[in-house]
Amino acid sequence: RFPEYRIVLKVYGFGQPAKNEGTKATEHMAIMVKDALLQRGNIAAEMITAESGGNIPIFPKDAVELNRRVEITFLTK
């Protein structure tokens with residue numbers, strides 16, 4: 001419905017445990033979210049970019065669960 005937009009998905013982990021929340025793992029989670037959106041929505045695959053956001057905290061480091069997040073950004077082409 002809005003072809004002038006594209007979607008950028010970023011998944012952030014906290015980095016602990018490292019094997020479950022490293023860059024590869026958060027990138028894989030982003031791809032899973034993208035796939036879910038493609039299956040449930042009427043969205044063209046080229047409109048969505050999925051990537052790891054790494055483990056950059058936006059809350060205090062002791063707020064582990066708050067730092068695990070998915071950010072969805074809508075950008076105009």
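Numbers here are sequence positions counted from 1. These numbers were taken from a predicted model, which means no experiment stands behind them.
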Nearest atoms (heavy-atom pairs only) where A50 meets A30: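 Closest pair (atom of A50, atom of A30, distance): CB-O, 3.5 Å.
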Closest heavy-atom pair and its distance - F59, N67: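 Scanning both residues completely, I find the closest heavy atoms to be N-OD1, 3.0 Å.
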Test salt bridge (charged side-chain N to carboxylate O under 4.0 Å, His left out) applied to E51 and K10, step by step: CA-CA 5 Å; E51 56 193 53; K10 286 188 180 181; 3.6 Å; yes
Say you draw a straight line from [atom1] of [X] to [atom2] of [Y]; how long is it, rounded to the nearest 0.5 Å?
X	Y	atom1	atom2	answer
R6	I43	CZ	CD1	14.0 Å
D35	I48	CG	CD1	9.0 Å
K24	S52	NZ	OG	12.0 Å

Verify same cluster id: I58, L66 (apolar side-chain graph, 4.5 Å):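 I58 and L66: one cluster.
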Residues that K34 engages under salt bridge (Lys or Arg N to Asp or Glu O under 4.0 Å), provided they are two or more places apart: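 Salt bridge (Lys or Arg N to Asp or Glu O under 4.0 Å) check on K34 returns nothing, list empty.
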Residue list, side-chain contact (heavy atoms from CB on, under 4.5 Å) with A44, at least two apart or on another chain: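 If we apply the side-chain contact (heavy atoms from CB on, under 4.5 Å) test to A44, skipping adjacent residues, the hits are E46, M47.
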By side-chain contact (heavy atoms from CB on, under 4.5 Å) - contacts of I72 (at least two apart):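 In terms of side-chain contact (heavy atoms from CB on, under 4.5 Å), with neighbours along the sequence ignored, I72 is linked to I7, L9, V70, F74.
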Set of residues satisfying side-chain hydrogen bond (donor to acceptor under 3.5 Å, both in side chains) with respect to E65, sequence neighbours excluded: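 Testing E65 for side-chain hydrogen bond (donor to acceptor under 3.5 Å, both in side chains), a comparison that skips the adjacent residues, returns R68.
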Heavy-atom side-chain contact between M32 and H28 under 4.5 Å: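 Sidechains of H28 and M32: in contact.
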